[in-house]
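Atoms within each ligand, like the ligands themselves, are counted from 1 in listed order.
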Amino acid sequence: MSISFDYLIVGAGLFGATFAREMHENGKKCLVIDKRAHTGGNIYCRDEGGIHVHEYGAHIFHTDKEHVWQYVNRFVRFNHYINSPLANYKGRLYNLPFNMNTYNKLWGVNTPAEAKAKLEEQRKPYLHITEPANLEEQALKLGGEDIYRIFIKEYTEKQWGCPATELPAFIIRRLPFRFVYDNNYFNDPYQGIPIGGYNLLTDSLLDGIEVKCNTDYFDNREYFDSLADKIIFTGCIDEFFNYEFGHLDYRSLRFEHERLEMEDFQGNAVVNYNEASVPFTRIIEHKHFEFGKQSHTVITREYPQAYEPGQEPYYPINNEKNMERMKLYRERAARLPDVLFGGRLAQYAYFDMDDTVEAALLLAGKELVV
Ligand code: FAD
């Protein structure tokens with residue numbers, strides 16, 4: 001390839017694709033590369049007989065950012081899916097987030113006043129804890145015995161792979177208690193799944209832009225660097241700097257997908273499994289995101305697991321060691337004016353999709369005024 005580009009964008013995920021779209025529309029020449037066989041990064045879906053399977057974990061678009069909602073709606077329309085997950089604990093199903101339906105099932109209470117009184121009674125033995133020393137103390141103080149035992153302890157221990165007494169209290173800053181009969185998980189005014197699937201959003205963002213999949217930046221770094229004036233890097237920042245300050249830790253996930261020749265497996269898109277004896281944390285039934293009417297279904301069991309290099313890094317681990325390392329990487333990155341770092345892996349942060357789009361638009365905007 002001898003042509004030169006204004007921007008080489010490493011990573012065809014939501015960040016890279018949004019940034020590329022903005023620059024392309026403003027007359028900049030972009031090349032997008034991705035080491036995976038497909039575009040879209042973690043929002044990519046595989047088609048299984050008309051069902052869009054969220055290969056890298058269930059993705060529900062939700063936002064309170066008017067400009068982001070309008071922006072994504074330029075590229076795709078959204079359906080009216082509302083996330084209303086269930087939690088299975090020892091065979092009993094409870095509605096999430098905690099709301100009147102949950103308290104009714106849990107304690108048999110019918111009114112908000114009864115629910116509030118019960119919650120206060122449950123919390124009372126723990127209110128003396130002023131500075132919770134760990135997640136267990138924090139959760140007991142916020143929600144009391146039943147909420148902690150049924151919804152938090154075993155689920156969180158599975159998710160993080162260690163006892164709640166060894167997890168920092170800040171993981172749970174607050175518990176979202178609602179006192180209305182409302183199972184809508186999110187508080188945002190806008191929510192849905194792209195009609196036709198997430199790949200339509202990615203394809204539309206990347207329309208007219210040169211994209212090369214199965215192309216790892218690190219396989220031929222010097223060559224790729226020579227192709228463009230500037231690089232937008234959305235991969236792992238520690239890898240970019242050859243792990244100079246050490247590896248950043250992640251929590252990973254393993255997805256076990258299964259096609260079933262039945263119309264409906266669980267009657268809901270998301271069912272959490274709270275108890276420790278079930279090794280997965282949730283089952284996703286993908287067709288329910290899009291109100292699918294197929295005669296088959298696809299489910300995915302989600303198993304949290306330790307991260308090892310080579311696996312997919314999912315959740316950053318915000319402990320002191322990683323934050324210190326990230327600070328060093330950030331300082332190092334600031335000294336490279338022609339490389340811009342964006343997206344969840346380069347910033348070592350969890351971003352929802354709307355935050356990702358917003359951050360990419362912001363970076364593109366800054367680039368365009370320079
Ligand atoms: P990515 O999607 O990870 O894209 C980065 C891309 O860079 C990848 O395609 C990767 O292959 C590529 N790349 C990396 N290194 C290289 C290299 N060396 N060379 C070439 N290419 C490279 N958000 C929501 O709003 N709602 C949800 O319900 C939701 N659910 C989630 C569930 C899970 C399990 C996770 C982990 C995240 C979820 N998110 C959700 C967040 C959402 O996934 C992110 O906001 C979004 O995908 C981030 O996009 P990105 O482009 O930054 O990263």
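In terms of N/O distances under 3.5 Å, ligand 1 is not approached by Asp354. Polar contact with ligand 1: present for Met353 (N/O pair, distance under 3.5 Å). Checked by distance only, ligand 1 and Ile43 stay at 3.5 Å or farther apart across all their nitrogen or oxygen atoms. In terms of polar-atom proximity, defined here as any N/O pair under 3.5 Å, Leu14 does make such a contact with ligand 1. Looking at ligand 1, you'll find an N or O of Phe15 within less than 3.5 Å of one of its N or O atoms. Between Tyr315 and ligand 1, no N or O atom pair is found at a separation short of 3.5 Å. The shortest N/O to N/O separation between Tyr217 and ligand 1 falls below 3.5 Å. Not one N or O of Gly16 is nearer than 3.5 Å to an N or O of ligand 1, by distance alone. For ligand 1, the polar-atom distance check against Asp216 finds a nitrogen or oxygen pair separated by under 3.5 Å.
Closest protein heavy atom to atom 42 (C) of ligand 1: His59 NE2, 3.4 Å. Atom 30 (N) of ligand 1 has Ala58 O, 3.0 Å as its closest protein atom, hydrogens excluded (heavy atom only). Given atom 28 (O) of ligand 1, the protein heavy atom at minimum distance is Ile60 N, 2.8 Å. Closest to atom 10 (C) of ligand 1 among all protein heavy atoms lies Asp34 OD1, 3.6 Å.
Below 4.0 Å from some heavy atom of Phe218 lie the following atoms of ligand 1, by number and element: 18 (N). Ligand-side atoms of ligand 1 in range of Leu253: 34 (C), range being under 4.0 angstrom from any heavy atom. Counting the atoms of ligand 1 from 1 in the order shown, those under 4.0 Å from a heavy atom of Tyr56 are 34 (C). With ligand atoms numbered from 1 in the order given, ligand 1 contributes 52 (O) to contacts under 4.0 Å with heavy atoms of Gly343. Those atoms of ligand 1 with a heavy atom of Phe351 less than 4.0 angstrom away are 41 (C), 42 (C), 44 (C), 45 (O). Residue Gly235 approaches ligand 1 through these ligand atoms, each under 4.0 Å from one of its heavy atoms: 14 (C), 15 (N).
At distances below 3.5 Å, at least one donor-acceptor pair connects side-chain atoms of Asn99 with backbone N or O atoms of Asn101. Between the Asn95 side chain and the Thr102 main chain, no donor and acceptor come within less than 3.5 Å of each other. Judged by distance alone, the side chain of Thr281 and the main-chain N or O of Glu302 form a donor-acceptor pair under 3.5 Å. Using a distance-only test at 3.5 Å, with no hydrogens or angles considered, no donor-acceptor pair links the side chain of Arg259 to the main chain of Glu48. A donor-acceptor distance shorter than 3.5 angstrom exists from the side chain of Arg178 to the backbone of Asn184, with no hydrogens or angles considered.
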_Stepwise side-chain contact (heavy atoms from CB on, under 4.5 Å) test for Arg36 and Tyr56_ = CA-CA 12 Å; Arg36 293 182 186 170; Tyr56 303 94; 3.4 Å; yes
*Under the ring-ring contact (aromatic ring centres under 6.0 Å, His included) rule, what do His54 and Tyr198 come out as? Steps first, then yes or no, please.*
CA-CA 9 Å; His54 299 216; Tyr198 280 96; 5.7 Å; yes
*Could you give me the CA-CA distance, side-chain angles and deciding distance for Ile284 and Ile299, then say whether side-chain contact (heavy atoms from CB on, under 4.5 Å) is met?*
CA-CA 5 Å; Ile284 304 301; Ile299 60 165; over 6 Å; no
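Separation of atoms CG (Leu205) and OG1 (Thr39) is listed at 9.5 Å; rounding is to 0.5 Å.
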Which atom pairs, donor and acceptor, lie under 3.5 Å between side-chain atoms of residues 133-140 and protein residues at least two apart or in another chain?
residue, atom, partner, partner atom, Å
Asn134, OD1, Glu136, N, 3.1
Asn134, OD1, Glu137, N, 2.9
Glu136, OE1, Tyr148, OH, 2.8
Glu137, OE1, Ala133, N, 3.0
Gln138, NE2, Ile172, O, 2.8

List the atom pairs, with distances to 0.1 Å, where a side-chain N or O of residues 238-247 and a protein N or O form a donor-acceptor pair under 3.5 Å, not counting sequence neighbours.
residue, atom, partner, partner atom, Å
Asp238, OD2, Leu248, N, 2.9
Glu244, OE1, Arg332, NE, 3.0
Glu244, OE1, Arg332, NH2, 3.4
Glu244, OE2, Arg332, NE, 3.4

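In this structure, Tyr314 has a heavy atom closer than 4.0 Å to ligand 1. In this structure, Thr215 counts as a contact residue of ligand 1, since one of its heavy atoms falls inside 4.0 Å of the ligand. Residue Tyr350 places a heavy atom less than 4.0 Å from ligand 1.
Counting heavy atoms under 4.0 Å from ligand 1, residue Thr356 touches it through the side chain alone.
A donor atom on one side chain and an acceptor atom on the other are found under 3.5 Å apart for Thr297 and Glu285.
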